Amino acid sequence: MTIPKPSNLIEHHAHLLQLGRSLSMADLSTCGSPEDMLARLADHAAELAPHAWILAHGARPESWPTPQWPTLDQLDRVAGGRPLCAWCFDYHALVANTAALRHAGISPDTRFEHGRVVTDAGGCPTGLLLEHAALALWNSVPEPSEAERPQLVRAACEHLRDLGFAEAHDMKAQGWLGSLLGDLDRSGELPIRVRLYALLEDLHHLHSTRRAWQTERVSLGGGKIFTDGTLNSRTAHMLRPYADAPPDRPCGMAMMSPAEIEHAVRRVDALGLPLAAHAIGDAAVRATLDAIERVRPGTPGFRIEHAELVDASDVPRFAAMGVIASLQPCHLLADIEALAKAAPDRLDRVLPVRELIESGLEPGRGVVFGSDVPIVRADPADSIQAAVHRRRANMPPEQAVSPGQSIPESTAWACFGRA
Ligand SMILES: [Zn+2]
């Protein structure tokens with residue numbers, strides 16, 4: 001039985017400016033060959049200002065009959081002298097043309113600790129950059145100007161509205177985002193409600209100026225910290241070593257010490273706001289729960305974002321302390337293979353949604369769903385698929401990750417809450 005898709009959902013984890021930016025790029029997800037990709041890039045380039053970067057995302061060359069990126073020569077020809085960069089669908093690799101490589105100062109000799117400039121047999125760059133080499137190029141692409149921001153943020157909000165969301169939480173709100181959203185709302189151009197969570201330096205600005213920008217539909221949600229990294233880079237902080245980690249950091253990385261997390265909890269609580277802590281590995285989840293337990297904040301609504309692995313002994317601590325588990329089950333769809341390689345001994349601890357609900361967290365209030373768009377797409381159907389079936393739709397049931405943590409479809413929809 002399928003339940004009709006509700007329309008007033010809450011996207012609990014989004015990045016609005018980045019989403020708007022990705023919506024303005026060429027979408028390569030339906031391309032089936034290098035020629036297709038070049039044609040799409042040429043069409044997109046024709047619509048841009050003469051010197052604008054040609055940006056694209058969503059390419060999946062591994063799935064093409066000839067699994068090859070276009071050559072550097074082809075990319076240069078299609079760009080006509082302008083810088084061009086096109087992401088692979090998983091954001092771990094991109095291709096760039098000569099102008100973009102030059103702009104970023106990347107040559108075949110540039111070395112990256114966790115990344116690579118891919119060269120051909122003759123040592124010449126192919127345009128393909130992996131991991132940190134890809135990020136270094138991306139970070140050199142000029143940020144949208146102040147004048148471009150309102151249009152991008154509005155497009156992001158319209159995109160979320162079209163997917164059935166009536167509210168979104170921006171989980172790394174820039175200091176300027178409050179007044180931009182307030183202006184959009186006052187001029188009747190904001191299609192959804194927005195709550196802002198910001199890094200502590202931006203939080204103080206947003207908090208001290210909030211009277212100038214807050215409206216009934218745009219509000220300050222709380223602070224945001226990052227306590228660890230990500231699973232794909234093996235920097236999520238784990239209680240036990242990864243099966244395939246680099247020897248210098250077998251359990252990943254704590255990005256904040258216990259004292260630093262505790263300090264952040266106190267600072268945000270003192271403003272009368274809750275804190276949302278990015279914690280992906282089970283050690284990061286525990287460190288965050290420990291800090292909240294030591295401080296016992298008076299403000300309700302403290303959240304742990306992602307919680308991709310949670311040790312069984314930590315599950316009941318969420319409900320006991322009123323901590324919200326803010327989960328993005330949709331990531332499971334892309335991470336199944338990576339999880340099997342990284343933590344084969346603990347797949348049963350991946351996104352224990354059912355246990356969290358059974359421990360007393362209410363769907364939509366104590367356990368909430370989001371996507372982390374634009375890292376992955378925001379379509380709520382992806383998180384429903386992952387929460388109910390614990391695998392991609394085209395996979396056999398035996399490949400499901402901890403199928404015992406599956407929840408009914410109606411419960412999964414309820415986890416999105418209602419605005
Ligand atoms: Zn995020």
Side-chain angles (χ1 to χ4, degrees), residues 9-23 57 87 89-92 134-135 138-139 143 152-153 156-157 159-160 163 165 167-175 177 181 192 194-203 206 220-237 252-256 261 264 268 274-281 284-285 288 301-310 323-335 338 350-351 367-380 382-383 386 415-417:
L9 306 170
I10 302 172
E11 160 61 86
H12 288 88
H13 194 125
H15 300 279
L16 294 176
L17 179 74
Q18 290 85 336
L19 171 56
R21 220 176 159 193
S22 81
L23 291 170
H57 66 131
W87 280 105
F89 77 100
D90 68 358
Y91 293 99
H92 288 267
L135 277 181
W138 179 247
N139 289 335
E143 288 271 320
L152 295 173
V153 170
C157 294
H159 176 79
L160 292 173
L163 286 169
F165 295 105
E167 177 174 325
H169 297 184
D170 191 297
M171 293 315 292
K172 200 174 148 192
Q174 300 85 350
L177 189 57
L181 288 165
I192 57 170
V194 183
R195 289 175 78 81
L196 305 180
Y197 289 78
L199 297 180
L200 302 199
E201 53 272 27
D202 291 318
L203 181 66
L206 286 165
L220 188 55
K224 172 81 189 282
I225 55 171
F226 286 81
T227 70
D228 70 345
T230 66
L231 274 174
N232 273 306
S233 60
R234 307 292 186 264
T235 49
H237 192 208
M253 273 164 84
M255 310 274 266
M256 295 174 75
I261 302 173
V268 178
L275 180 67
H278 164 118
I280 289 182
V285 170
T288 305
F302 274 62
R303 300 169 38 160
I304 294 186
E305 302 301 311
H306 311 305
E308 233 173 293
L309 278 98
V310 184
V323 175
I324 296 164
S326 171
L327 312 176
Q328 299 77 41
C330 49
H331 286 259
L332 189 64
L333 305 180
D335 287 354
V350 173
L351 287 173
V367 174
V368 299
F369 283 179
S371 69
D372 208 358
V373 69
I375 302 296
V376 297
R377 59 183 200 159
D379 190 335
D382 291 348
S383 275
C415 288
F416 278 103

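These values consider heavy atoms only, across backbone and side chains, with no hydrogens, waters or symmetry-generated copies. Keep in mind that what you see is a predicted model, and the values were worked out from it rather than measured. For ligands, and for the atoms within them, numbers begin at 1 and follow the listed sequence.
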Side chains of R377 and S371: closer than 4.5 Å at any heavy-atom pair?
no
Mind checking whether D335 and E308 have side chains closer than 4.5 Å, heavy atoms only?
yes
Do we see a donor-acceptor contact under 3.5 Å between the side chains of E305 and H13?
yes
Name of the H13 atom (N/O/S only) found closest to the Zn ion (ligand 1):
NE2
With the Zn ion (ligand 1) as the reference point, give the N/O/S atom of D372 that is nearest.
OD1
The Zn ion (ligand 1) to H278: any N/O/S contact under 2.8 Å?
no
Is H15 close enough to the Zn ion (ligand 1) to have an N, O or S atom under 2.8 Å?
yes
With side chain to side chain contact (heavy atoms under 4.5 Å, CB included) as the test, would you mind laying out the steps for F416 and S383 before giving the verdict?
CA-CA 10 Å; F416 278 103; S383 275; 3.8 Å; yes
